[in-house]
Amino acid sequence: MAEYTLNTPLTDEDITPLKAGDVVFINGTIYTARDAAHKRLMDLIDKGEATPFELKGSIVYYVGPSPAPPGRPIGAAGPTTSYRMDTYAPRLHALGQKASIGKGKRSEEVKAALKEHKAVYFGATGGAGALLSKCITAAKVIAFDELGPEAIRELTVEKFPLLVINDCHGGELYAVPDRKAAGLED
Amino acid sequence: MRTVKAQDVIAPVANMCREANLKLPDDVKQAFRDHMESEDSPAAKEIFRQLLENSAMAEETGLPLCQDCGLAVFFVDIGEDVIVEGSLKDAVTQGMIQGYEEGYLRKSSCDPMSRANTGDNAPAIIHFDFVPGDKITINFMAKGGGSENMSRVTMLAPAQGWEGIKKFVVNRVAEAGPNPCPPTMLGIGIGGTFERAPILAKRSLMRPLNDTHADPEIAKLEAELLDAVNALGIGPMGLGGKTTCLGVKIEMAPCHLASLPLAVNVQCHSIRHQEVVI
């Protein structure tokens, strides 16, 4: 398993070498969006309006951070479960989004979109919100402020630690449950 | 009879909400250390190391352990020899609102249809009960959405019995895979009625991780289920390993002779709960 440091925005050349299980550290700008924000993004795209950030080369982090206490750019900021964004992700990848960050399984449609559009799904450690916030040096809301924790934020990150869960070659890191060992007859 | 002013629970409830979100119970941290030792896979070890570092970070910085500070769930047991002056329900809610605001905790409560955030994490989910004695015991849990979404209730046929229960639970954990932030804790409610089973399941999540059921027969079933789900090999964060689940707690209640209600309440590794006795 290899280790990479990547700077945003991401290119095809950044994505192609990545394999499931690789460790990646991100430097640069990433954008937060979760359930409600994705729905709003789709509405904007449907209407042909501009998106709040450039999708091409972008990394979208599925997170709803806790409020920033005084003196800190952001509160706890760990990943939320990704499958809820599966409906929207293929379309965003088709428009140039290069990576998403979350936790948990993705749909077959998302995995196919990763292959087709040379994109990748990164996993961050779920529940490690305090730890991950250490790598976020700046945060500002750039759209949908009224959504509170679900607003779209632009985050500046330094050495943000990720694992490649699904690569653009069909590779996947998650363990397949051993149903037989657990006494389930399939 | 003892008189308790409802107002007097506001400060302890606020404090409990803040503390629970910042500080993992000691037995949970100990479980992380123990499993970090016993895991063979470097990825599984690394996840436990990160979870321990995260817990140290949260205590040091005052940031919550997880950005999902949960819906606030309370079990309030009122002693039968207590007279409450004022609204206990309002006081618990007020304490919760205060704790989430002052602690910079995320408010996740929203309208189920419009999805508009209520803005203050209200309403608190409160289960009241009466118990012997002259004290009020309040148990609080910060219940995250990701793991809660992986929970299920079902009505089995009585003939399915323990094998049916086991199959349903193990299958649920297999289906959930990496989604609920394993290693998880499982609260299992068996019996009662359709609405009683999940309350039993939720209540069992308030038990300490290292607690064994007082009834040795139930304790044996808990151990059997724990072994079965860990045999799945899903491991910490779904990356493979021996520890898919940290503990299984079962609570039972008599049910209708036609029914076998079963609830599986999934709790992520961030097992955030506290108890206060007034």
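Within every chain, numbering begins at 1; the chains are lettered A, B, ... in the order of the sequence lines, protein sequences first and strands thereafter.
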Open item on the list: Quick check on E101(B): does its CD atom have over 12 non-hydrogen neighbours (other residues, nucleotides or ligands) under 6.0 Å away?
Closed with: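 Atom CD in E101(B) is not crowded, with 12 or fewer foreign heavy atoms closer than 6.0 Å.
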
Task: Heavy atoms of other groups near K118(A) NZ, more than 12 under 6.0 Å - done: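 Atom NZ in K118(A) is not crowded, with 12 or fewer foreign heavy atoms closer than 6.0 Å.
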
TODO: Evaluate the criterion side chain to side chain contact (heavy atoms under 4.5 Å, CB included) for residue pair R179(A) and N171(B); output intermediate values, then yes/no.
DONE: CA-CA 8 Å; R179(A) 305 174 77 96; N171(B) 220 358; 2.3 Å; yes

Engaged part of [X] at the chain A interface, taking heavy atoms whose separation is under 4.5 Å:
X       : answer
C268(B) : neither
E60(B)  : neither
A56(B)  : neither

Between [options], the one whose heavy-atom pairs under 4.5 Å with chain B are most numerous:
options                         : answer
G21(A), G104(A), A68(A), S66(A) : S66(A)
R72(A), M1(A), E146(A)          : R72(A)
A175(A), P67(A), P65(A)         : P67(A)
K105(A), E150(A), K39(A)        : K105(A)

Spacing of [atom1] belonging to [X] relative to [atom2] belonging to [Y], to within rounding of 0.5 Å:
X      : Y       : atom1 : atom2 : answer
T81(A) : D68(B)  : OG1   : CG    : 8.5 Å
M57(B) : S133(A) : CE    : OG    : 5.0 Å
C66(B) : L131(A) : SG    : CG    : 12.0 Å

Task: Contact listing (chain A partner; residues 14-45 of chain B; heavy atom under 4.5 Å) - done: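 Against chain A, none of the residues of residues 14-45 of chain B fall inside the cut-off of heavy atoms under 4.5 Å.
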
Open item on the list: Given 3.5 Å as the limit, does a donor-acceptor pair link the side chain of N54(B) with the main chain of G127(A), or not?
Closed with: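 Yes, N54(B) side chain to G127(A) backbone: donor-acceptor pair under 3.5 Å.
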
Task: Any donor-acceptor N/O pair, Q67(B) side chain to G64(A) backbone, under 3.5 Å - done: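 A pair under 3.5 Å: no.
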
What heavy-atom pair brings [X] and [Y] nearest, and what distance separates the two atoms?
X       : Y       : answer
Y174(A) : M237(B) : CE2-O, 3.3 Å
L232(B) : A182(A) : CD2-CB, 3.5 Å
P149(A) : K107(B) : CG-O, 4.0 Å

[X] versus chain B, heavy atoms under 4.5 Å apart: side chain, backbone, both or neither?
X       : result
A77(A)  : backbone
L163(A) : side chain
P79(A)  : backbone

- [ ] Go through the steps to decide whether K134(A) and E53(B) satisfy the test salt bridge (charged side-chain N to carboxylate O under 4.0 Å, His left out), and finish with yes or no.
- [x] CA-CA 11 Å; K134(A) 205 168 69 170; E53(B) 195 186 340; 3.4 Å; yes

TODO: Look at T244(B), N230(B), L51(B), T61(B) and state which one has the largest set of heavy-atom pairs under 4.5 Å with chain A.
DONE: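 Of T244(B), N230(B), L51(B), T61(B), T61(B) has the most heavy-atom pairs under 4.5 Å with chain A.
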
Open item on the list: Between P64(B), A58(B), S108(B), who has the most heavy-atom pairs with chain A when the cutoff is under 4.5 Å?
Closed with: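 Winner by heavy-atom pair count: P64(B).
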
Open item on the list: Looking only at side-chain N and O atoms, does T125(A) offer a donor or acceptor that is under 3.5 Å from a partner on Q50(B)?
Closed with: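 Yes.
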
